[in-house]
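Worksheet for the structure shown next.
Predicted model only: the values in this text are computed from it and were never measured. Heads up: numbering here begins at 1 and tracks the sequence.
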Amino acid sequence: MTKPNSAEPRRGWLFPILCLFTVTFFVYRDFGIRMLYGYAVLALVLIVHVLLRLVRNAPPALDPLRLSFLVLCAAVAVSFLRPDSRHDADSVSFVLSMLICCCFVVLSNTGERAARAALGLCFGGAVFLTAFVQFFEFQPWYFWNWFLMKLSPVAADYLCTYVPRGYGFTLGGCTYTNYILYIGLSVCCGYAACGRKFDWKSAAALVFAGIFLYTILIVGRRGELLGAVICLVLLVLALCGKKQRRALILGGIVLGAVGFTVIVALLPWLRQFQPLIRYVMTVEQLLAGQDITSGRMELYALAIDAFRENPLFGIGWDQFHTLIPPEFLVLHGQDVEDVHCIYLQFFTETGITGAPFLIAPLLYGYWLVCSQFVRLKKRPGELQTVRLLCISSFLVQSFLLVLGIYDPNFQRVIFWCFYALAILMYLNALELEGYTPDDPVSRLLNKLIHFCAPPFVLVWNWVAGLFRPLRR
């Protein structure tokens, strides 16, 4: 990893700022504030940060993971610029979010205090949304007769449509609320697992994690709940030894079978609880042999057929919606526009020339955090902050990659904020650990960085020279 310049400020304040923007993102959708204002504030922050770097002559440090993030963003940008791609307002907003988050990842410093502040903001955002969801779940009168009037027309229409269907009261939409709740859950699980011993603070963290998971359940989104459960299972298995892992897998299978049997037996009673109505309906559809995938199998078939017709370059970025027949939209909703599997959508829209450049950076980042996880297991009780950041990043990246199998999370504007936070968690953990990745891919990327660095350094030094009179 390239070491930062000694004159570089070590506060790492870009990380908490991006985290603050992420946990307050709902204001742009729910209260009528234009998202462009939020982007403008973040852009101003980045400009100030770059100017401070130029004054101190502290060029940003580039490492393999940051380079892979740049490759991912470049692949999206090239796909977006194709003439046959979609260029509406939502797509432009998606690209703007990506570019801003890319700048935060590339320019952000590392620092323990800033990292802990960012994790605290994640936890605080999850607590706030938990209180919001839980309060109006038990006191819906206040929502319908008071709070609803304060929302923007788009947000009010959304809640009036989805709450009667069994979804919870949310801010920023069900998906955004669940993402914030999950990232808070990840921080709590990381805190509980990072200490030398299990004490009351670890127990309190697990209690909060349980509350966050329960809130995800009552929000009513099956996909996020399933993804959260899968990732927690992965964490437990990763923390255990081989013998314990086998016993847990066997016990989990038995417990799952028994639990499903009990749920089936209690279905009539569970139907009385409004927060569980969507899950009860899913179990009933499953027992009746009906489709519980909300039409995903049909979407997958459409995507595969489209890929076969355009295997080299695909059909164009964000153009899958043009293939969905009107009958499908009537049955499953007019807002369906994606494959609901990001990996299949990458191949469908960008072909074999674009999909590898989108998937490989995602897998590389996940491989690095998993490698650090394995290293830290050999040093139990040490590097608590590093373990906290590593486990949090592992859980968030696992969640995004697992959810991408059956949900269009990559196509959401907010995806980039959450993915950037996960990458920054890992980068801070790596810096605090004092370790340089030495796998073959990282070595190759480091060689590429050293090969391309001289022209960039020359340009940077020339521009920084213009700011020499401002230095002390």
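Ring geometry for Trp317 versus Phe346: interplanar angle under 30°, hence parallel rather than tilted (30 to 60°). Note: His87 and Phe80 have perpendicular aromatic rings, judged against thresholds of 30 and 60 degrees for the angle between ring planes. Between Tyr419 and Trp416, the two ring planes are perpendicular [angle over 60°; tilted spans 30° to 60°]. Note: Tyr28 and Phe21 have tilted aromatic rings, judged against thresholds of 30 and 60 degrees for the angle between ring planes. Ring-plane geometry between Phe147 and Phe136 is classed as tilted, the angle between the planes lying from 30 to 60 degrees on a 0 to 90 degree scale.
Closest non-hydrogen pair, Cys122 versus Val187, comes out as CB-CG2, 4.2 Å. Closest approach of Val219 and Cys174 over heavy atoms only: CG1-CB, 3.8 Å. Leu312 approaches Thr353 most closely through the heavy-atom pair O-OG1, 2.8 Å. Here the shortest heavy-atom pairing between Leu46 and Leu107 reads CD2-CD1, 4.0 Å. Across Gly111 and Asn428, no two heavy atoms sit closer than the pair N-OD1, 3.0 Å. Across every non-hydrogen atom of Cys240 and Leu248, the tightest pair is SG-CD1, 3.2 Å.
There is a side-chain donor-acceptor pair under 3.5 Å between Tyr39 and Ser93. Gln411 and Asp318 share no donor-acceptor pair across their side chains, judged by distance under 3.5 Å alone. Looking at Ser91 and Asp88, their side chains do bring a donor and an acceptor atom within 3.5 Å of each other. Defined by atom type and a distance below 3.5 Å, a donor-acceptor pair is missing between the side-chain atoms of Asn109 and Trp13.
Atom CZ of Phe198 sits in a crowded spot, with more than 12 heavy atoms from other residues, nucleotides or ligands closer than 6.0 Å. No more than 12 heavy-atom neighbours from other residues, nucleotides or ligands sit within 6.0 angstrom of CZ on Phe357. For CH2 of Trp367, the number of neighbouring non-hydrogen atoms (other residues, nucleotides, ligands) closer than 6.0 Å is 12 at most. Other residues, nucleotides and ligands contribute over 12 non-hydrogen atoms within 6.0 Å of the CZ atom of Arg245.
Panel note: side chain Thr348, backbone Phe307; no donor-acceptor pair is recorded below 3.5 Å. Between the side chain of Thr24 and the backbone N or O of Leu20 there is at least one donor-acceptor pair closer than 3.5 Å. In this structure, Ser392 contributes its side chain and Leu388 its backbone to a donor-acceptor pair below 3.5 Å. In terms of modelled atom types and a separation under 3.5 Å, the side chain of Thr130 and the main chain of Phe212 share no donor-acceptor contact. The main-chain N or O of Leu81 is never found under 3.5 Å from a side-chain atom of Ser85 such that the two would form a donor-acceptor pair. A side-chain donor-acceptor contact under 3.5 Å links Tyr176 to the backbone of Val23. Between the side chain of Glu349 and the backbone N or O of Phe320 there is at least one donor-acceptor pair closer than 3.5 Å. Checking side-chain atoms of Arg53 against main-chain N and O of Ala58 turns up a donor-acceptor pair under 3.5 Å. Put simply, the side chain of Ser97 gets close to the backbone of Val413: a donor and an acceptor are under 3.5 Å apart. Side-chain atoms of Thr350 come within 3.5 Å of backbone atoms of Ala355 as a donor-acceptor pair (strictly under, hydrogens ignored).
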*Does the ring pair (Phe, Tyr, Trp, His ring centres under 6.0 Å) test come out yes or no for Phe208 and Phe123, once each step is laid out?*
CA-CA 9 Å; Phe208 273 105; Phe123 175 76; 5.1 Å; yes
*Show your reasoning for whether side chain to side chain contact (heavy atoms under 4.5 Å, CB included) applies to Leu185 and Leu232.*
CA-CA 10 Å; Leu185 182 151; Leu232 291 177; 3.5 Å; yes
*Show your working on side chain to side chain donor-acceptor pair (under 3.5 Å) between Ser202 and Asp199 and close with a plain yes or no.*
CA-CA 5 Å; Ser202 301; Asp199 54 12; 3.1 Å; yes
*Check the pair Ile180, Phe128 against side chain to side chain contact (heavy atoms under 4.5 Å, CB included), reporting the backbone distance first and the verdict last.*
CA-CA 10 Å; Ile180 294 294; Phe128 170 74; over 6 Å; no
*asked:* Please determine whether side chain to side chain contact (heavy atoms under 4.5 Å, CB included) holds for the pair Arg66 and Leu427, giving the CA-CA distance in whole Å, both sets of side-chain angles, and the decisive distance to 0.1 Å.
replied: CA-CA 9 Å; Arg66 287 185 170 95; Leu427 289 172; 3.7 Å; yes
*Check the pair Arg296, Tyr406 against side chain to side chain contact (heavy atoms under 4.5 Å, CB included), reporting the backbone distance first and the verdict last.*
CA-CA 8 Å; Arg296 282 172 171 78; Tyr406 53 83; 4.1 Å; yes
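To the nearest 0.5 angstrom, Ile359 atom CD1 is 7.5 Å from Tyr343 atom OH. Rounding to the nearest 0.5 Å places CG of Asp84 at 8.5 Å from CD1 of Ile315. To the nearest 0.5 Å, the span separating CD1 on Ile230 from CD1 on Ile405 amounts to 7.0 Å. One distance of note links CE of Met98 with SG of Cys103; it measures 9.5 Å at 0.5 Å rounding. A distance of 11.5 Å separates CZ in Phe26 from CD1 in Ile414, rounded to the nearest 0.5 Å. In this structure, the separation between CG on Leu42 and CD1 on Ile100 is 5.5 Å, given to the nearest 0.5 Å.
The side-chain heavy atoms of Tyr364 and Leu445, taken from C-beta on, include a pair separated by under 4.5 Å. By the 4.5 Å heavy-atom criterion applied to side chains, Val441 and Pro64 are not counted as neighbours. In this structure, Thr293 and His340 have side chains that are not in contact, with every pair of non-hydrogen atoms separated by 4.5 Å or more. Within the 4.5 Å cutoff, the side chain of Pro437 has heavy atoms near those of the Leu430 side chain. The closest side-chain heavy-atom distance from Gln372 to Val386 is below 4.5 Å. Side chains of Phe132 and Thr170 form no contact here, defined as non-hydrogen atoms less than 4.5 Å apart. With a 4.5 Å cut-off on side-chain heavy atoms, Leu119 and Met425 count as touching. Counting heavy atoms from C-beta on, the side chains of Tyr366 and Val369 come closer than 4.5 Å.
Taking a cutoff of 4.0 Å between a charged side-chain nitrogen and a carboxylate oxygen, Arg412 and Asp338 do not qualify as a salt bridge.
Both tests hold for Arg29 against Tyr158: distance to the six-membered ring centre under 6.0 Å, angle to the ring axis within 45°. By the 6.0 Å and 45° rule, Arg375 stacks over the aromatic ring of Tyr435.
Taking the six-membered ring for Trp and the full ring otherwise, the centers of Tyr179 and Phe399 sit less than 6.0 Å from each other.
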